Number of protein chains: 2
Amino acid sequence: MSSSTPGLDGIENPLALEQQVCFALAIASRSVIGVYRPLLEPLGLTHPQYLVMLALWEHEPLRVNELARLLQLDPGTLSPLLKRLEASGYVRREKDPHDDRALAVVLTDAGRALRDDALKIPPAIVERLGLPLDELLELHRRLTQVIAAATV
Amino acid sequence: MSSSTPGLDGIENPLALEQQVCFALAIASRSVIGVYRPLLEPLGLTHPQYLVMLALWEHEPLRVNELARLLQLDPGTLSPLLKRLEASGYVRREKDPHDDRALAVVLTDAGRALRDDALKIPPAIVERLGLPLDELLELHRRLTQVIAAATV
DNA sequence: CCTAAGTAGTTGGTGTACTAACTATTTGTA
DNA sequence: TACAAATAGTTAGTACACCAACTACTTAGG
């Protein structure tokens, strides 16, 4: 808009905000998480906590470093998050009998029961976004490419 | 993997972690920002601060709420961020003479000069990711769709 | 067996992010 | 022109997210 060549900002300015993929990624991530928020709030979960529960519903039990690898998160991020999940009553952190350094994160009965409520979330999100499934699958495929490219 | 029907996790389990678009979005955003980090660190910028600078290089001066709208961020997030940018010497926060409530965020000489260094960043990122430009443009297009869908 | 190197998780520091409550100012309207 | 409603930005509280330093435990080499 303030460009000397009106209407060509995106083409001539490599630093144009609206053109940056990193900007679109950051906003998309935050705004989609914002769509989850009102659906997760009744379950007493934040979005990162929801992702931890997804991992546990699939692969319980998991050690902290296994969760860190699955979610690509720092153990220093997970450690307090898991304490909050334990305080919420959804998981327990048990000493691994084979290795006194390790913690086995396991689901409580409440944590397992929560999965039934969580089953309503994905369809609610898809409906709320109102995008065709192909579109979402295609986006997922391209995001996976970028993740692979960025984490080499 | 722990499924009773091996190899069909993604199809039969609507809560499969690897299948969630929100998960791919969160990881992609964090890992791409991770690619920027070593490039931004020499400039003394975090990624959110970099986005603020992009906005200012394009549209200076900007009020806090205009920045909030452009970056889709809460004023409560921007307020301390802008103080840190001011402490770094890249911006000044000036009282708007027409409205004593408002702040005009303006660039300092150092902030304007920083743009020359920043010009090296986008091509460095594209090269580092090693993805074809079409791919990035197409991803950007689909992210924009999702943002529009999520922020209605 | 004993010690150096590696591994598992925690802690503290800095910097986002979102919400809600708050102050200060401006605007709309009776 | 009073004054309620709206607006601009700050602050405090909670929760990530990354990093570096730390403790405790395990393993590998000698």
Side-chain angles (χ1 to χ4, degrees), chain A residues 22-23 25-38 40-41 44-52 61-69 71-88 91 93-105 150-151, chain B residues 22-23 25-38 40-41 44-52 61-69 71-88 91 93-105 150-151:
Chain A
C22 67
F23 176 59
L25 266 176
I27 307 264
S29 177
R30 282 197 283 108
S31 55
V32 168
I33 289 175
V35 173
Y36 277 81
R37 196 168 292 118
L40 291 175
E41 196 261 302
L45 292 177
T46 64
H47 191 264
Q49 291 170 7
Y50 172 65
L51 296 181
V52 168
L62 285 170
R63 309 216 283 202
V64 176
N65 63 357
E66 292 172 322
L67 273 169
R69 189 176 37 76
L71 306 178
Q72 297 190 222
L73 275 176
D74 199 273
T77 300
L78 279 172
S79 189
L81 188 156
L82 291 170
K83 286 186 189 173
R84 285 186 285 268
L85 270 184
E86 184 166 46
S88 302
V91 309
R93 293 148 66 246
E94 304 179 339
K95 267 271 170 60
D96 184 326
H98 301 310
D99 188 339
D100 274 350
R101 296 168 301 179
L103 277 186
V105 182
T151 53
Chain B
C22 68
F23 176 58
L25 266 175
I27 306 264
S29 176
R30 283 198 281 108
S31 56
V32 168
I33 289 175
V35 173
Y36 276 81
R37 197 167 291 118
L40 290 175
E41 196 262 302
L45 292 177
T46 65
H47 191 262
Q49 291 169 6
Y50 172 67
L51 297 181
V52 168
L62 284 170
R63 299 214 237 170
V64 175
N65 64 357
E66 292 173 322
L67 273 168
R69 188 178 37 77
L71 305 179
Q72 297 188 222
L73 274 177
D74 199 275
T77 300
L78 278 172
S79 188
L81 189 156
L82 290 170
K83 286 185 187 172
R84 286 187 282 268
L85 269 184
E86 184 166 46
S88 302
V91 309
R93 292 148 65 247
E94 304 180 339
K95 267 271 171 61
D96 185 326
H98 302 310
D99 188 339
D100 274 351
R101 297 169 300 180
L103 277 187
V105 181
T151 54

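The analysis underlying the following values was restricted to heavy atoms, covering all of them including side chains, and did not include hydrogens, waters or symmetry mates. From a predicted model like this one, the values you see are computed outputs, not experimental measurements.
Proximity of a side-chain donor or acceptor of A/Glu66 to a complementary backbone N or O of A/Arg63 within less than 3.5 Å is detected. The backbone N or O of B/Arg93 lies less than 3.5 Å from a partner atom in the side chain of B/Glu86, making a donor-acceptor pair. Side chain of B/Ser31 to backbone of B/Ile27: a donor-acceptor contact under 3.5 angstrom is found.
Following rounding to the nearest Å, B/His98 (NE2) and C/dT27 (C1') show an atom-to-atom distance of 17 Å. Atom-to-atom, NE2 of A/His47 to C1' of C/dT16 comes out at 17 Å; the value is rounded to the nearest Å. Atoms CG (A/Asp96) and C1' (C/dT7) sit 13 Å apart, rounded to a whole Å. We find that CG of B/Leu45 is positioned 13 Å from C1' of C/dG15, with the value rounded to whole Å.
With a 4.5 Å cut-off on side-chain heavy atoms, B/Val52 and B/Leu78 count as touching.
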Check: protein-nucleotides 8-11 of chain C nitrogen or oxygen pairs below 3.5 Å:
unit_1, atom_1, unit_2, atom_2, d
C/dA8, OP1, A/Asn65, ND2, 2.9
C/dA8, OP2, A/Asn65, ND2, 3.3
C/dG9, OP1, A/Val64, N, 3.3
C/dG9, OP1, A/Leu103, N, 2.8
C/dG9, OP1, A/Leu103, O, 3.3
C/dG9, OP2, A/Asn65, N, 2.8
C/dG9, OP2, A/Asn65, OD1, 3.4
C/dT10, OP1, A/Arg93, NH2, 2.6
C/dT10, OP2, A/Ser79, OG, 2.5
C/dT10, O5', A/Ser79, OG, 3.1
C/dT11, OP2, A/Lys83, NZ, 2.5

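Contact check, B/Gln49 against C/dT16: a side-chain N or O comes under 4.0 Å of OP1 or OP2.
When DNA chain D is scanned 5' to 3' for any atom under 4.0 Å from a heavy atom of chain A, the first and last hits are D/dA15 to D/dT26.
At a non-hydrogen distance threshold of 4.0 Å, nothing from residues 26-36 of chain A comes into contact with DNA chain D.
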Could you pull out every donor-acceptor pair under 3.5 Å between side chains of residues 95-104 of chain B and any protein atom, sequence neighbours left out?
unit_1, atom_1, unit_2, atom_2, d
B/Asp96, OD1, B/His98, N, 2.7
B/Asp99, OD1, B/Arg101, N, 3.0
B/Asp99, OD1, B/Arg101, NE, 3.1
B/Asp99, OD2, B/Arg101, NH2, 2.9

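Under the rule for a ring-ring contact (aromatic ring centres under 6.0 Å, His included), the partners of A/Tyr36 that lie at least two apart in sequence or sit in another chain are A/His47, A/Tyr50. With sequence neighbours left out, A/Ser88 forms a side-chain contact (heavy atoms from CB on, under 4.5 Å) with A/Tyr90.
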